[in-house]
2 protein chains.
Amino acid sequence: MIENTPIVRKLGAFVALSDPELSVLASLHKRRRTFVAGRDLVHQGQSDQAAYILASGWACSYKLLEDGQRQIVDFQIPGDFLGLRSVLLYVSDHSIEPVTDIEVTEIHVADLLDAFARTPRLATAFLWVASRDEAMVVEHLVDVGRRNAAERTAHFLLELGSRLALVGMGSREGYGCPLTQYHLADALGLSAVHVNRVLRQLRESGLVTFRDAHVEFHDYGRLADFANFDPEYLDHAGPVLA
Amino acid sequence: MIENTPIVRKLGAFVALSDPELSVLASLHKRRRTFVAGRDLVHQGQSDQAAYILASGWACSYKLLEDGQRQIVDFQIPGDFLGLRSVLLYVSDHSIEPVTDIEVTEIHVADLLDAFARTPRLATAFLWVASRDEAMVVEHLVDVGRRNAAERTAHFLLELGSRLALVGMGSREGYGCPLTQYHLADALGLSAVHVNRVLRQLRESGLVTFRDAHVEFHDYGRLADFANFDPEYLDHAGPVLA
DNA sequence: CGCCTAGTTGAGGTAAGTCAATTCACGTGG
DNA sequence: CCACGTGAATTGACTTACCTCAACTAGGCG
């Protein structure tokens with residue numbers, strides 16, 4: 001039997017993978033590597049030959065503008081891919097920074113494309129993962145484009161919570177969260193100062209507290225309501241492809 | 001020989017497709033359908049069985065918020081997919097509105113998944129398309145999160161121009177553009193009034209004119225510079241997968 | 001002990017929003 | 001043929017959400 005890694009769990013949620021497929025998947029995992037917090041693994045413009053699967057810790061993908069501002073596109077938590085898009089498009093359109101010290105397993109492009117050719121259902125599964133990632137970026141875009149700072153922040157914290165809950169790292173009570181207010185600001189398109197004020201406001205309204213690397217939901221229902229958050233949106237019914 | 005449809009051109013840019021693969025691809029095209037401007041083809045929350053490839057006209061995908069605001073996620077031009085993500089995730093997380101009257105060809109999920117199983121390289125090609133779409137949403141997110149209204153608008157018009165140029169519908173001189181200022185506002189996370197002011201400013205600075213359904217670049221270089229736009233970013237070197 | 005990073009708070013400025021009025025092009029029906 | 005309605009664009013006056021600058025606190029660590 002193949003080990004129950006986060007990636008197997010994740011793909012398995014969409015495609016019921018057979019044993020041969022599982023072993024091809026397992027064979028993709030090359031070296032295990034570690035990276036320290038704050039030192040980028042991938043730089044914008046770099047041509048990659050490898051993608052990674054995050055085994056432990058948090059990372060973020062972001063784009064830098066010429067004037068030094070940055071926009072964090074997404075945070076990655078255990079089980080997520082790092083740089084899958086970069087590998088497919090051949091050149092990275094973004095950078096990736098470990099938020100904490102992280103452990104990853106490396107995957108080579110050539111192996112990946114080869115695996116697709118031999119086990120097409122795996123390709124379908126990856127297509128599903130890519131769609132799911134895109135859905136998260138889309139939701140993030142809506143946050144930034146059309147919600148005010150407080151709703152945006154609340155919505156974002158809820159969404160992160162949902163994703164963490166899926167891998168057993170969070171609940172409706174809250175979750176551990178290593179991000180700084182600067183990370184949040186760069187993700188939400190706000191200034192760090194304003195994030196601070198908004199967090200205070202959310203805390204004083206008895207909705208959420210984000211403090212000491214911990215997010216605590218005081219009243220999940222009221223918060224979801226305030227942020228206009230649909231708790232179901234990342235849920236799915238089980239393997240779509242039998 | 002298989003006909004040279006937009007979708008064949010597009011996938012062919014990434015994967016050198018063989019004749020058998022091309023005929024599988026051609027067999028995916030079901031009914032040809034038309035939709036009139038303004039009447040949604042897909043509604044948020046709907047469970048789809050079909051995706052579409054846009055043959056002519058413009059469409060946009062968007063999300064509605066409960067307070068009635070909307071965020072346009074992306075515009076689709078001929079050769080683009082409509083609702084591919086919805087089909088893979090089984091339920092649509094967004095709506096799709098034809099901006100003009102459009103013609104599409106329908107594709108059924110079942111056929112698509114079947115085609116992946118039989119011609120894995122096709123699955124890889126679709127994965128590439130999905131990655132490319134995601135890259136565009138990411139760039140859009142950066143626009144909205146970290147650029148001011150004028151840069152954002154300029155950048156967006158340039159990006160649209162690049163995409164249109166790839167399918168022969170635009171150049172560095174400009175392009176036909178059926179969008180209203182309301183569309184632009186909903187895409188850029190601005191109010192329509194402000195979009196109007198920004199367009200005037202860009203026009204009076206001699207950078208771009210957007211008027212009478214036409215975008216005219218007065219000074220492409222200076223505009224790209226102003227908007228911090230990398231004209232190469234959607235380019236690619238040719239088939240990545242030989 | 002002193003520096004560095006993260007967080008906190010206040011004062012004042014500005015980009016963008018809202019509300020409202022006007023124009024223009026277009027189509028439609030009396 | 002004109003009156004009317006409707007949707008898009010335009011512009012002005014005023015408001016506001018968020019930003020910038022700046023000062024200060026608290027903890028961690030060499």
Side-chain angles (χ1 to χ4, degrees), chain A residues 36-39 58 60 65 67-72 97 99-101 143-156 176-204 208-216, chain B residues 36-39 58 60 65 67-72 97-100 143-157 177-205 208-216 226:
Chain A
V36 299
R39 175 89 60 105
W58 290 44
C60 69
L65 281 80
D67 62 2
Q69 291 191 100
R70 80 167 177 175
Q71 176 66 47
I72 291 180
E97 173 194 306
V99 171
T100 64
D101 291 351
D143 259 7
V144 172
R146 285 297 182 205
R147 285 189 240 263
N148 67 34
E151 290 168 15
R152 191 185 307 181
T153 306
H155 193 274
F156 194 77
C177 177
L179 306 178
T180 66
Q181 294 184 356
Y182 293 88
H183 283 123
L184 268 187
D186 283 342
L188 297 173
L190 299 169
S191 69
V193 171
H194 200 59
V195 165
N196 182 284
R197 284 191 248 264
V198 164
L199 288 174
R200 170 151 62 111
Q201 180 202 317
L202 291 173
R203 187 182 341 118
E204 288 173 354
V208 230
T209 296
F210 175 26
R211 190 167 251 178
D212 300 325
H214 198 83
V215 171
E216 187 185 349
Chain B
V36 300
R39 175 88 59 102
W58 290 44
C60 69
L65 279 77
D67 61 3
Q69 292 191 99
R70 79 166 177 175
Q71 176 67 48
I72 292 180
E97 174 195 306
V99 171
T100 63
D143 258 8
V144 172
R146 286 298 183 204
R147 284 189 240 264
N148 67 34
E151 290 168 14
R152 193 186 304 181
T153 306
H155 193 274
F156 194 78
L157 292 177
C177 177
L179 306 178
T180 66
Q181 294 184 358
Y182 293 88
H183 283 122
L184 228 42
D186 283 342
L188 297 173
L190 299 169
S191 68
V193 172
H194 201 59
V195 165
N196 183 282
R197 285 191 249 265
V198 164
L199 288 175
R200 172 152 61 110
Q201 181 202 317
L202 291 174
R203 188 182 341 118
E204 288 173 354
S205 326
V208 229
T209 297
F210 174 28
R211 192 167 249 177
D212 300 326
H214 198 83
V215 171
E216 187 185 349
F226 170 77

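Residue numbers start from 1 in every chain, and the chains themselves are labelled A, B, ... in the order their sequence lines are given, proteins ahead of strands. Side-chain atoms are counted along with the backbone in the values below, which use heavy atoms only and exclude waters and symmetry mates.
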Give me the atom names and distance for the closest heavy-atom approach of B/Thr153 to B/Ala149.
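Scanning both residues, the minimum pair turns out to be OG1-O, 2.7 Å.
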
Considering all heavy atoms of both residues, which atom of B/His155 and which atom of B/Arg147 are nearest to each other, and what is their separation?
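Shortest heavy-atom contact: NE2-NH2, 3.4 Å.
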
Taking B/Asp212 for its side chain and B/His214 for its backbone only, find out whether a donor-acceptor pair lies under 3.5 Å.
no

Quick check against the 3.5 Å criterion: does B/Thr209 have a side-chain atom that pairs as donor or acceptor with the backbone of B/Glu216?
no

What string of B, S and - do you get for nucleotides 5-22 of chain C, 5' to 3', if B is base contact, S is sugar-phosphate-only contact and - is no contact with any protein heavy atom under 4.0 Å?
-SSBBBB----BSBB---

Just how far is it from atom CZ of A/Arg70 to atom CG of A/Asp186, taken to the nearest 0.5 Å?
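Rounded to the nearest 0.5 Å, the CZ-CG separation comes to 4.5 Å.
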
Boundaries of the chain A footprint along DNA chain D (any atom under 4.0 Å from a heavy atom)
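First and last nucleotides in contact are D/dC18 to D/dC21.
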
If you apply the rule side-chain contact (heavy atoms from CB on, under 4.5 Å), what do you find for A/His183 with A/Glu97, and how did you get there?
CA-CA 11 Å; A/His183 283 123; A/Glu97 173 194 306; 3.5 Å; yes

Output a table of donor-acceptor pairs, distance under 3.5 Å, between side-chain atoms of residues 189-203 of chain A and any protein atom two or more places apart or on a different chain; print 'none' if there are none.
residue: A/Ser191; atom: OG; partner: A/His194; partner atom: N; Å: 3.2
residue: A/Asn196; atom: ND2; partner: A/Gln181; partner atom: OE1; Å: 3.1

